[in-house]
Amino acid sequence: METKRIENFIWEIPPDQKPGMKVPARIVASEALMKQMDEGVINQISNVACLPGIREYAWCMPDGHWGYGFPIGGVAAFDMRSGVISPGGIGFDINCGVRLIRTDLTAAELKPHIKELVNALFQIIPAGVGKSGFVNLNRAEFDNVITNGAEWCHKNGYAWDSDLDRIEQRGHLTGADPDAVSDKAINRGIDQIGTLGSGNHYLEIQTVRFDDECDREIAGLLGIKSEGQIMIMVHCGSRGFGHQIGTDYLQSFGAAMKKYGIVTNDRELACAPINSPEGKSYYGAMCCAANAAFANRQVITNGIRSGFARLLGKKAEDLGMELVYDVAHNIAKIETYNINGKSVELLVHRKGATRAFGPRNPNLSPGFQSTGQPVLVGGSMQTGSFLLVGTKKAEELTFGSTLHGAGRVMSRGAARRKVRGNDLQHEMEKGGIYVRTASFSGLAEEAGFAYKDISEVVNVVHQLGISKKVARLLPLANIKG
Amino acid sequence: MKFDELKFEICDDFASGDFIFDAYGNSLNELFAACAAACFHAITDLEKVRPVRKYSLQQNGENAEELLYNFISELIYLKDTEKLFLSDYDIDISPDRKALKAIVAGESIDYDRHTIKTDVKAATYHDLKIEKVGNGFKVRMVLDL
């Protein structure tokens with residue numbers, strides 16, 4: 001397919017390149033990243049451009065790579081009246097996301113305790129296949145969790161007063177409908193609140209570094225004061241609960257597509273009109289899963305705070321362990337955008353993409369009105385991550401969206417053939433990164449070389465102006481699920 | 001059928017975080033069993049899993065692909081809720097390919113003895129198409145990790 005460079009960092013696949021494309025598809029990338037981009041991404045994002053009711057462009061972010069249905073890094077906005085909702089445009093791990101916690105500690109202070117601390121956290125926060133969490137919930141209480149998200153955590157002593165304002169949508173999607181959730185999803189998720197999961201999910205202790213382009217004034221406003229400051233990043237989602245909701249609706253949408261006469265290029269793109277009973281039901285279930293994920297990351301935060309406090313003999317409050325922010329990167333949200341001078345309500349799907357609202361966006365808490373929304377970009381466990389903020393340009397150009405991570409350049413199997421998990425663990429420890437893992441082969445799959453160069457990927461969104469660099473976060477220790 | 005009698009090949013020559021495999025079978029029953037073996041091969045070393053816990057299950061679908069998606073989804077559900085790995089799969093698919101009965105067997109997860117590779121979150125429908133190859137069948141399937 002023909003891909004045209006529209007401007008620096010934007011490549012376009014015109015609608016005449018594939019039958020059924022309703023809008024152009026656009027990829028955000030540098031020339032080098034575009035060359036590296038899998039052919040599958042171009043095919044997949046142009047399939048997304050064929051979906052009913054899509055507005056303006058189907059976007060793929062620079063960390064984009066081959067996914068099922070939508071590519072990872074996909075952003076698509078649908079008209080609320082004529083558009084569709086697609087479970088494959090969100091992913092099975094609904095509200096997979098990242099949260100960042102600050103501390104007043106420095107790397108020099110923490111390094112002597114790091115192994116002991118990581119070993120303690122490895123016990124407190126269950127990771128890997130088949131692990132249950134420590135929060136015992138009956139069905140009624142689990143309904144409360146999935147209806148109220150992080151607010152349930154606050155009422156039940158797992159959150160500080162200041163936390164909720166620092167979570168995307170305060171950690172609570174109001175459209176949750178527990179009646180739209182199957183018993184199977186409940187059975188799969190009821191014992192998993194407070195667990196990390198596996199794959200690319202992790203808990204990482206990081207130190208701050210400021211590159212030349214980082215905005216240190218914004219960093220200060222977000223509680224990031226100096227290089228060497230200790231931060232903690234958590235990457236995980238809604239666990240089996242969300243996976244089962246995705247599985248259930250991907251199945252039932254087969255019949256809905258027949259009913260509404262919708263045809264897609266791939267069954268994985270199964271969708272239903274947003275306003276249909278089927279579409280509304282999935283939206284209600286998706287909100288439940290999003291709330292479960294916010295609650296999951298909040299309970300994990302509670303575990304991290306208690307682990308630090310116990311080991312360092314100080315209260316978490318006295319260690320300054322405030323939340324910086326929590327973002328969802330697999331989700332669909334109802335948001336309002338200005339298109340051709342008209343205010344339009346859209347359902348924005350982000351699959352491996354992050355909301356990136358700029359300063360003075362009325363949806364942000366007062367604390368972020370001057371800075372813009374923090375964007376947390378989880379990189380590989382060897383090369384580090386980034387804290388960015390959203391911009392007005394993202395709201396104008398990419399439906400308030402930006403990248404979510406580094407993006408894979410290699411399959412898991414190819415990474416395993418290049419390195420053994422325990423060799424990688426030793427190599428990382430020599431380089432000053434202590435790792436505990438629930439799976440050594442899983443560790444090899446997450447090696448730094450399996451991902452794109454995070455600096456290059458972040459530079460693209462920074463230079464395009466859809467996000468702004470605030471701080472680089474270098475790994476000091478990692479718990480891999 | 002036991003996992004080591006079944007044939008599947010992992011496709012990992014392009015950048016994806018998912019688990020992609022080609023499965024083969026002389027019959028649809030064998031093809032479905034090979035997909036189940038590939039799924040649990042992604043999660044653990046099947047040689048170490050003893051078939052000591054048995055489950056009977058039934059699934060329906062509009063066609064063979066839906067039936068396969070539903071069957072693998074059901075095994076993933078069993079893995080998470082019963083906290084076990086499955087290594088034996090006896091499957092009986094109806095002639096119209098719209099229903100199956102299966103007896104699957106495996107063992108509760110033992111973190112000291114079993115190898116933990118990664119978790120499988122879900123089966124996908126991505127380009128899912130069962131093909132007739134010679135006298136047998138082939139399918140490419142993508143699982144979300």
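Every chain is numbered from 1 and lettered A, B, ... according to where its sequence line falls, protein lines coming before strand lines.
Interface remark: B:I20 contributes side-chain atoms only to the contact with chain A (heavy atom separation under 4.5 Å). Contacts of A:Q44 with chain B are made by side-chain atoms alone, with heavy-atom separations under 4.5 Å and no backbone atom involved. In this structure, the portion of B:Y111 lying under 4.5 Å from any heavy atom of chain A is its side chain and not its backbone. Within the 4.5 angstrom heavy-atom criterion, only side-chain atoms of B:E62, from C-beta onward, approach chain A. For B:I43, the part lying under 4.5 angstrom from a heavy atom of chain A is the side chain only. With a threshold of 4.5 angstrom between heavy atoms, A:A414 approaches chain B through its backbone and through its side chain. Contact annotation for B:F14: both backbone and side-chain heavy atoms come within less than 4.5 Å of a heavy atom of chain A. Of the atoms belonging to A:Q244, it is side-chain heavy atoms, and not backbone ones, that fall under 4.5 Å from chain B. Neither the backbone nor the side chain of A:K480 comes within contact range of chain B; no heavy atom of the residue lies under 4.5 Å from a heavy atom of that chain. Looking at A:D38, only its side chain comes within 4.5 Å of chain B, counting heavy atoms on both sides. With a 4.5 Å cut-off on non-hydrogen atoms, B:I10 does not touch chain A at all.
No other option in A:G442, A:G199, A:G69, A:G240 has as many heavy-atom pairs under 4.5 Å with chain B as A:G69. Comparing B:L145, B:T124, B:T118 by heavy-atom pairs within less than 4.5 Å of chain A, the highest count is held by B:T124. In terms of heavy-atom pairs under 4.5 Å with chain B, the best-connected choice from A:E268, A:K131, A:R417 is A:E268. When each of A:Q36, A:R408, A:R416, A:E39 is checked for heavy-atom pairs under 4.5 Å with chain B, A:R408 comes out on top. Chain B forms more heavy-atom pairs under 4.5 Å with one residue of A:H65, A:Q192, A:M410, A:R412 than with any other, namely A:R412.
Counting non-hydrogen atoms of other residues, nucleotides and ligands closer than 6.0 Å to CG of B:N135 gives a total of 12 or fewer. The 12-atom threshold is not exceeded at NZ of B:K101, counting heavy atoms of other residues, nucleotides or ligands nearer than 6.0 Å.
Every residue two or more places apart in sequence or in another chain that forms a salt bridge (charged side-chain N to carboxylate O under 4.0 Å, His left out) with B:K121 is listed here: A:D93.
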Exercise for review: Could you go through the ring pair (Phe, Tyr, Trp, His ring centres under 6.0 Å) check for B:F21 and B:F19 one step at a time?
Suggested key: CA-CA 7 Å; B:F21 62 88; B:F19 183 72; 5.8 Å; yes
Exercise for review: Check step by step if salt bridge (charged side-chain N to carboxylate O under 4.0 Å, His left out) holds for B:R140 and B:E131.
Suggested key: CA-CA 9 Å; B:R140 175 164 290 191; B:E131 294 170 66; over 6 Å; no
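Below 30°, between 30° and 60°, or above 60°: for A:F241 and A:F142 the angle between ring planes is above 60°, a perpendicular geometry.
Using a cutoff of 4.0 Å between basic side-chain nitrogens and carboxylate oxygens, A:R267 and B:E65 are not scored as salt-bridged. Ionic pairing of B:K7 and B:D22 is not present here: no N-O contact between side-chain nitrogen and carboxylate oxygen is shorter than 4.0 angstrom. Using a cutoff of 4.0 Å between basic side-chain nitrogens and carboxylate oxygens, B:K117 and A:E445 are not scored as salt-bridged.
The cationic group of B:K132 lies under 6.0 Å from the six-membered ring centre of B:F137 and within 45° of the ring axis, placing it in a cation-pi geometry.
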